[in-house]
Amino acid sequence: MKNLATRLGPYNISVNDVAPAMIGETGMIPDTASVPGVVDTIPLGRLGEPEEVGRAVAMMVRTGYCTGQSLVLAGGLR
């Protein structure tokens, strides 16, 4: 992201990414029963929701001055 942001900045193009992890209801992790014990390892104590990822993407799109950033959505997981 930083490389692309540096190269595209002069053209007023911002470049960011959102990296979701442990998002439920997506087909990859349908529910907490499919991955026993994993919710216990997430500091927020739950899987993320697809709508939360969408809101993060929308925020990045609306924020024109933000560029070269990676936003990790993982409920506090490292």
Side-chain angles (χ1 to χ4, degrees):
M1 288 303 96
K2 300 231 183 268
N3 187 337
L4 283 173
T6 300
R7 292 178 179 271
L8 297 174
Y11 302 100
N12 201 31
I13 298 172
S14 60
V15 181
N16 301 291
D17 74 272
V18 175
M22 307 313 287
I23 307 299
E25 301 175 21
T26 61
M28 295 185 78
I29 302 174
D31 56 41
T32 56
S34 64
V35 282
V38 76
V39 171
D40 299 332
T41 67
I42 301 171
L44 285 181
R46 65 178 178 84
L47 296 176
E49 298 176 5
E51 294 80 13
E52 293 173 308
V53 178
R55 287 192 297 268
V57 170
M59 178 200 66
M60 291 293 230
V61 169
R62 287 191 308 266
T63 308
Y65 196 61
C66 181
T67 190
Q69 302 304 306
S70 295
L71 178 60
V72 178
L73 296 177
L77 283 176
R78 296 180 187 213

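Position 1 is the first residue of the sequence; numbering continues from there.
- Each salt bridge (charged side-chain N to carboxylate O under 4.0 Å, His left out) pair with one or both residues in residues 41-57, not counting sequence neighbours, appears once here: R46-E52.
- If you take CD1 on I42 and CE on M22, they are separated by 4.5 Å, rounding to the nearest 0.5 Å.
- The distance from the CE atom of M60 to the CG atom of D17 is 7.0 Å, given to the nearest 0.5 Å.
- Nearest heavy atom pair, residue P43 against residue G75, reads CD-O, 3.4 Å.
- Between the side chain of T26 and the main chain of M28, a donor-acceptor pair closer than 3.5 Å is present.
- Scanning both residues, V53 and P20, for their nearest heavy atoms gives CG2-CB, 3.8 Å.
- Looking only at side-chain heavy atoms (C-beta outward), S70 and N16 stay at 4.5 Å or farther from each other.
- Cluster partners of I13 are M1, L4, L8, Y11, V15, counting Ile, Leu, Val, Met, Phe, Trp and Tyr whose side-chain heavy atoms approach within less than 4.5 Å, directly or via other members.
- In this structure, I23 is not a member of the same hydrophobic cluster as V72, with clusters built from ILVMFWY side-chain heavy atoms closer than 4.5 Å.
- The nearest pair of heavy atoms linking S14 to G64 is CB-O, 3.9 Å.
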Report task. Kindly indicate, with the supporting measurements, whether the criterion side-chain contact (heavy atoms from CB on, under 4.5 Å) is fulfilled by L71 and M59. Result -> CA-CA 11 Å; L71 178 60; M59 178 200 66; 4.0 Å; yes
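- The shortest heavy-atom contact between T41 and L77 is O-CD2, 3.1 Å.
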